Amino acid sequence: MGHHGMEGIDMLDPLTSSSMTTLAPMGESAPPHHQLHGYGAMNHVMNHHHHGGGLSHAPPAHLGHPSAGLHPDTDTDPRELEAFAERFKQRRIKLGVTQADVGKALANLKLPGVGALSQSTICRFESLTLSHNNMIALKPILQAWLEEAEAQAKNKRRDPDAPSVLPAGEKKRKRTSIAAPEKRSLEAYFAVQPRPSGEKIAAIAEKLDLKKNVVRVWFCNQRQKQKRMKFAAQH
DNA sequence: ATGCATGAGTA
DNA sequence: ACTCATGCATA
């Protein structure tokens, strides 16, 4: 899917011809807040909400719109989240916008503490593969964008947009790939002990001939996976 | 769409 | 050293 920040041009012609000026990623003023590609750089659009325990507290009521942040029950209900996620995706596609587009466009919403998000995150929101709390926090933001986008789609209009500048490439991050056999072993270990001690991790790492850090991160990610809506206690 | 990774915040 | 939100890279 998305490669760079350029895929915007191929979404300018859909029937809806929705070229939402401020919501589209290639808007006049959409300088990707981050150009530091040397992956040791500031990545996260660290919003104000990021205290421990994640967003375990009440959802941000100020971001909520009329139908959003009124009663926690409505926003916290897994069924509602699921329904919203589906509607969101459907309407997003109707608008002819990609997941990556939505992510970039969020920055144009100018909501307090809300910057851009990646295609990954939008995708995960739609597929409910985020934690419950994460879903709750993102819902009002995506809902706000959706409403704005649809509103602007109504006043269909064209406008000359400036081609985005592709940032110069820097170091690329390499992704380790754990082979299937090793992965099966890890899963077996995980089934017995989801939280192995440092020593245990080291042992496993040596046994599978993997770097200790790779194994440690694998377990962390595995634990996170269990907490995602799709895996965690089904509603 | 998803695997492996980073980094802030916490304990 | 962990959790949690998030993203680059890649299947």
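Order of the sequence lines fixes the chain letters, A, B, ..., with proteins taken first and strands second; residue numbering starts at 1 for each chain. A quick note: this is a predicted structure, and the numbers were derived from the prediction, not measured. What you see below is based on every heavy atom in this structure, not just the backbone, and it leaves out hydrogens, waters and symmetry mates.
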Item to complete: Send over the distance from A:I136 CD1 to C:dC4 P, rounded to a whole Å.
Response: 14 Å
Worksheet item: With a 4.0 Å cut-off, would you call A:K212 and A:E206 a salt bridge?
Response: no
Worksheet entry | Atom-pair distance (CD on A:Q224; C1' on C:dA5), nearest Å | 7 Å
Worksheet item: Within the modelled atom types, does a donor on one side and an acceptor on the other bring the side chain of A:R175 and the base of C:dG7 under 3.5 Å apart?
Response: no
Item to complete: Report yes if at least one side-chain N or O of A:Q222 is closer than 4.0 Å to OP1 or OP2 of B:dC4; otherwise report no.
Response: no
Discussion item. Can you classify the ring geometry of A:F219 versus A:F190 as parallel (below 30°), tilted (30 to 60°) or perpendicular (above 60°)?
Written reply: tilted
Worksheet entry | Given B:dG3, B:dA1, C:dC8, the nucleotide with the shortest approach to the side chain of A:K183 | B:dG3
Worksheet item: Base, sugar-phosphate, or nothing for A:K211, non-hydrogen atoms under 4.0 angstrom?
Response: nothing
Discussion item. Distance check needed: C:dA5 P versus A:K225 NZ, whole Å only.
Written reply: 17 Å
Worksheet item: Which of these nucleotides, C:dG7, C:dT3, B:dT2, is closest to any side-chain atom of A:R223?
Response: C:dT3
Practice prompt. Name the residue closer to the 5' end of DNA chain C, choosing between A:S120 and A:C220 according to the nucleotide with the nearest heavy atom.
Written response: A:C220
Worksheet item: For the pair made of CZ in A:F231 and C1' in B:dG3, what is the distance, rounded to whole Å?
Response: 12 Å
Worksheet item: Is a donor-acceptor contact shorter than 3.5 angstrom present between the side chain of A:N221 and the base of B:dA5?
Response: yes
Worksheet entry | Modelled atom types, side-chain donor and acceptor of A:E86 and A:Q90, under 3.5 Å | no
Practice prompt. Calculate the interatomic distance between A:M229 atom CE and C:dA5 atom C1'; express it in whole Å.
Written response: 16 Å
Worksheet item: What about A:R228: does its side chain form a donor-acceptor pair under 3.5 Å with the base of B:dG3?
Response: no
Discussion item. What is the separation between atom CZ on A:F219 and atom P on C:dT3, rounded to the nearest whole Å?
Written reply: 12 Å
Worksheet entry | OP1 or OP2 of C:dG7 under 4.0 Å from side-chain N/O of A:T121 | yes
Discussion item. Within the 4.0 Å heavy-atom criterion, would you say A:R216 contacts the bases, only the backbone, or no part of the nucleic acid?
Written reply: sugar-phosphate
Fill in: N or O in side chain of A:K172 less than 4.0 angstrom from C:dT10 OP1/OP2
no
Worksheet item: Is the distance from OP1 or OP2 of C:dC4 to the nearest side-chain N or O of A:N133 less than 4.0 Å?
Response: no
Response to the item:
Of A:K227 and A:G198, the one whose closest nucleotide on DNA chain C sits nearer the 5' end is A:G198
Item to complete: Decide, yes or no, whether a salt bridge links A:K230 with A:E82 under the criterion of side-chain N to carboxylate O below 4.0 Å.
Response: no
Response to the item:
Rounded to whole Å, NZ of A:K212 lies from P of B:dA5 at a distance of 15 Å
Item to complete: Take A:E126 and A:S177, find for each the nucleotide of DNA chain B with the closest heavy atom, and name the residue whose nucleotide sits nearer the 5' end.
Response: A:E126
Item to complete: Could you tell me whether A:K94 and A:E150 make a salt bridge, using a distance below 4.0 angstrom between a side-chain N and a carboxylate O?
Response: no
Item to complete: Respond yes when some side-chain nitrogen or oxygen of A:R195 is under 4.0 Å from OP1 or OP2 of C:dT3, and no when none is.
Response: yes
Worksheet item: So, is A:T176 near the phosphate of B:dG3, with a side-chain N or O under 4.0 Å from OP1 or OP2?
Response: no
Fill in: Stepwise salt bridge (charged side-chain N to carboxylate O under 4.0 Å, His left out) check, A:E126 with A:R87
CA-CA 9 Å; A:E126 294 183 343; A:R87 267 177 282 143; over 6 Å; no
Item to complete: Check whether the side chain of A:R173 and the base of C:dC8 form a donor-acceptor pair under 3.5 Å.
Response: yes
Worksheet item: Rounded to whole angstrom units, what separation is found between the NZ atom of A:K174 and the P atom of C:dA11?
Response: 7 Å
